[in-house]
Q: 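One structure, pasted below without further comment.
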Number of protein chains: 2
Amino acid sequence: MTNSALKRITLKELAKAAGVSVASASYAVNGAGSLGDSTRAHILKIAAELEYRPNQLAKAMKTGRTGAIGLVVPDLTNPFFPNLAQTVIQTARRSGVSVFIANTEGSADQERKSVSLLVERGIDGLIWFPIVDTDTVGPLLRGTPVVVLDRNLSGYDLIQADYGRGGELAAAHLIALGHRHIGVVTGPLDAWSARQRANAAIGYIRAQGSLAWSVEGAFSPDLDPAITKVLDESRATAVIAGADLIAIGVIRHLQSKGVAVPGEVSVIGFDDIPWAQLNTPALTTIEMPVEEMAVAAVETLLRRIEKPSEPLRRVVFNVALVERASVGSLSSEATIQVDEGGITLGRLK
Amino acid sequence: MTNSALKRITLKELAKAAGVSVASASYAVNGAGSLGDSTRAHILKIAAELEYRPNQLAKAMKTGRTGAIGLVVPDLTNPFFPNLAQTVIQTARRSGVSVFIANTEGSADQERKSVSLLVERGIDGLIWFPIVDTDTVGPLLRGTPVVVLDRNLSGYDLIQADYGRGGELAAAHLIALGHRHIGVVTGPLDAWSARQRANAAIGYIRAQGSLAWSVEGAFSPDLDPAITKVLDESRATAVIAGADLIAIGVIRHLQSKGVAVPGEVSVIGFDDIPWAQLNTPALTTIEMPVEEMAVAAVETLLRRIEKPSEPLRRVVFNVALVERASVGSLSSEATIQVDEGGITLGRLK
DNA sequence: TTGTTTAAGTGAAACGTTTCATTCTATCGC
DNA sequence: GCGATAGAATGAAACGTTTCACTTAAACAA
């Protein structure tokens, strides 16, 4: 019959039960202080019997450390984020820290409110994926360490991927396959990462004289009428999307109009979200190491909490092209063989 | 120049600055006690100037309420959960409560550890989506209120959907369309919800003498060889999947073998995850009101925290068939018109 | 006037820890 | 045998609140 009762044993009670002082009990439990081996063992034994569990709140109040961090992301519903969140949570837990999660639903106001709530709750640090490039929350922080994901704010530790290179990779791939009329629908350009991707891709394509058009989109498969219009009138043989979600939207739209992907137009995405490979056709895209970035974020944060005055860090991860089935070749002699889960696509065009 | 410094003003300092006692300051800030209007206003004014923010930890220690709840789900990476989590977070925040999130990655051990960590951290309550049907965490709870999602554990408040009905709905739909050889690949049967769905569907189909076969699967689009084998040898004209993820896996496999969906075999899923409508063909499925369930979960939990001794609740939500494009008719005279985002599928078979 | 009631405000204990400063004992060097 | 030293254990303050019980003073009834 275990002590699963509602009331938890306190340190004082433990001390009394073991016949020692509260201080000794504390030292025993925390493996600190100068206690004799036998005393320590004795206290620990009693503690186990009584199922003593330290009250973390009291501890936190004394030490100023809660062992909790906050994670603020725009939208868990966007398939880009669950992986990130999951990895953050796992990594944190491995160090015994819990994570509060907040989602900001794209609003700077919500962002401020969430951060404010978390900070006042007394988190040790914050991992923040800002919606846009402005530091909406600086004044609310009151000294809480923050690492920023995917944006380029100054004054914080930064975790990023090499989006510029990603944009080039996508563009170069298309060009190499013979495409000379390329359209690009970007992500929302008030986001640094989207801008990086777009600028690099557009720059590269333009330098080759192959830019058909470019439009700004949102991180969603539901395309704005302005975009579908461009698409419908387009003579491009390939389009670069600023995110996989957008790419999927583009493909769906194209298909609904009876244009074959990649037969008639190729589409390349960005992010390599989990759906990408489940899509028909499976999405060629630029992947970034989300899990590694998440790990880096919590490690950086934990370190910053330890040493608040170390110089700021900026970690940039590599990206890579992952070829699947949504991109085809235009050069007459080229052949693409993509073996994707048993589906072999033969010569395209 | 605002007080964004690292150190926060304490109640004591506020009291001194306002020339009142600590008690009065506390009462003023909390809008309680018996204070004169002018005194109260004065204290509040000073508090605003000093940017006083109550230390939530101290408050929590005194009152025994942290204003935080835990959310324990199996796997954020499964597209079923982000919606749920997001809604829980939003709803909680509307009541000023923050949510700790933990994911258990399918392991009962992790589940126990996570719950344990959260409980010791001092959450006011827990929303728990158990992996299987066994109460792995009961002894760790120490009186923390819990509401259980999607399972049927006794001793807790329960939030469920009418899975049995869902299974029947799916089966009835297929039968109505003339299918007489139906296969079903279930979810993992150690999960209550999966069992409910499976039993109901299989029961219904069998009663019509139309069951071709049934196999147990996992909540994943990656199909076990045992399943693909059954699929390959199957003469079924339709298959019911225990989850959309499974349905997608089935469709992909079928397609890779050159069998048309829904032309040759129809597939119906369960859950209506966000991908469902993005899939090609768009998935016919049974939807459940995840957001409403999430809201109900936090409301139930908050109420339970308020009144621990109220009788336990069990809330069951309705499910509904959503017809899209992955199911076709077998009865010769039937015609299906599915208008799905501009794609019109004409007469099938 | 005197006693009673009410409003306004305060002192201090308590929540469960951590940790500094201190005391107590026993051992050691000589 | 004596002071010094080190090891073991403890007392109590402190962290920032909440809240009970109490005091003070003013207002009122008779």
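In what follows, chains carry the letters A, B, and so on, assigned in the order in which the sequence lines appear, proteins first and then strands, with residues in each chain numbered from 1. Note: hydrogens, waters and symmetry copies are ignored here, and every other heavy atom, side chains too, is used. This one's a predicted model, so the numbers in the text were calculated from it and none came from an experiment.
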Q: Please report, rounded to the nearest Å, how far the P atom of dG16(D) is from the CD1 atom of I9(B).
A: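 About 11 Å, once rounded to whole Å.
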
Q: Give one of base, sugar-phosphate or nothing for R53(B), where a contact means two heavy atoms less than 4.0 Å apart.
A: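 Result for R53(B) = sugar-phosphate.
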
Q: More than 12 heavy atoms of other residues, nucleotides or ligands under 6.0 Å from CZ of R303(B): yes or no?
A: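 Open: at most 12 neighbouring heavy atoms sit under 6.0 Å from CZ of R303(B).
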
Q: Can a side chain N or O of N55(A) be found less than 4.0 Å away from OP1 or OP2 on dC15(C)?
A: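 No, no such contact exists.
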
Q: dT17(C), dT17(D), dT10(C): which one has an atom nearest the side-chain heavy atoms of L11(B)?
A: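 Nearest to the side-chain atoms of L11(B), counting from C-beta on, is dT17(D).
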
Q: Take K62(A) and D37(B), find for each the nucleotide of DNA chain C with the closest heavy atom, and name the residue whose nucleotide sits nearer the 5' end.
A: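 The answer here is D37(B).
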
Q: In terms of side-chain heavy atoms of S21(B), which of dC20(D), dG11(C), dT17(D) is nearest?
A: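 Of the options given, the side chain of S21(B) lies nearest dG11(C).
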
Q: Among dG11(D), dT10(C), dT18(C), which nucleotide has an atom closest to any side-chain atom of V22(A)?
A: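 Nearest to the side chain of V22(A) among the choices is dT18(C).
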
Q: Take a 6.0 Å sphere around CG of D109(A) and say whether it holds more than 12 heavy atoms from other residues, nucleotides or ligands.
A: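 Result for CG/D109(A): enclosed.
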
Q: Want to settle it: does T39(B) or A58(B) sit nearer the 5' end of DNA chain C, counting the closest nucleotide to each?
A: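 The 5'-side residue here is T39(B).
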
Q: So, the side chain of R304(A) versus the backbone of E310(A): is there a donor-acceptor pair under 3.5 Å, distance only?
A: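 The answer is yes, because a donor-acceptor pair under 3.5 Å joins these two groups.
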
Q: Which of these nucleotides, dT18(C), dC15(D), dT10(C), is closest to any side-chain atom of M61(A)?
A: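 Output: dC15(D).
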
Q: Taking C-beta and beyond as the side chain, do V290(B) and T87(B) meet within less than 4.5 Å on heavy atoms?
A: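 The answer is no; the side chains never approach within 4.5 Å.
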
Q: How close or far is atom C1' of dT18(D) from atom CG of L35(B), stated in whole angstroms?
A: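 Spelled out: CG on L35(B) to C1' on dT18(D) is 14 Å.
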
Q: If you pin Y27(A) and T63(B) to their nearest nucleotides in DNA chain D, which one's is more 5'?
A: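 Mapping each residue to its closest nucleotide by heavy atoms, the 5'-most match is Y27(A).
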
Q: Base, sugar-phosphate, or nothing for S34(B), non-hydrogen atoms under 4.0 angstrom?
A: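 S34(B): base contact, heavy atoms under 4.0 Å.
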
Q: Rounded to whole Å, how long is the line connecting atom CZ of R40(A) with atom C1' of dA8(D)?
A: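 It is 11 Å, rounded to the nearest whole Å.
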
Q: Return the value, rounded to whole Å, for the distance between atom CD of Q56(B) and atom C1' of dC15(D).
A: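 My rounded result for the distance is 15 Å.
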
Q: Just one of K113(B), R112(B), E120(B) clears the side-chain contact (heavy atoms from CB on, under 4.5 Å) bar with L140(B), so which one?
A: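 The option that passes is R112(B).
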
Q: Starting the side chain at C-beta, find the nucleotide from dT17(C), dT10(D), dT17(D) nearest to S24(A).
A: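 From the listed options, dT10(D) comes nearest.
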
Q: Which of the following nucleotides, dT17(C), dT19(D), dT10(D), is nearest to the side chain of S26(B)?
A: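 Out of dT17(C), dT19(D), dT10(D), the nucleotide with an atom closest to S26(B)'s side chain is dT19(D).
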
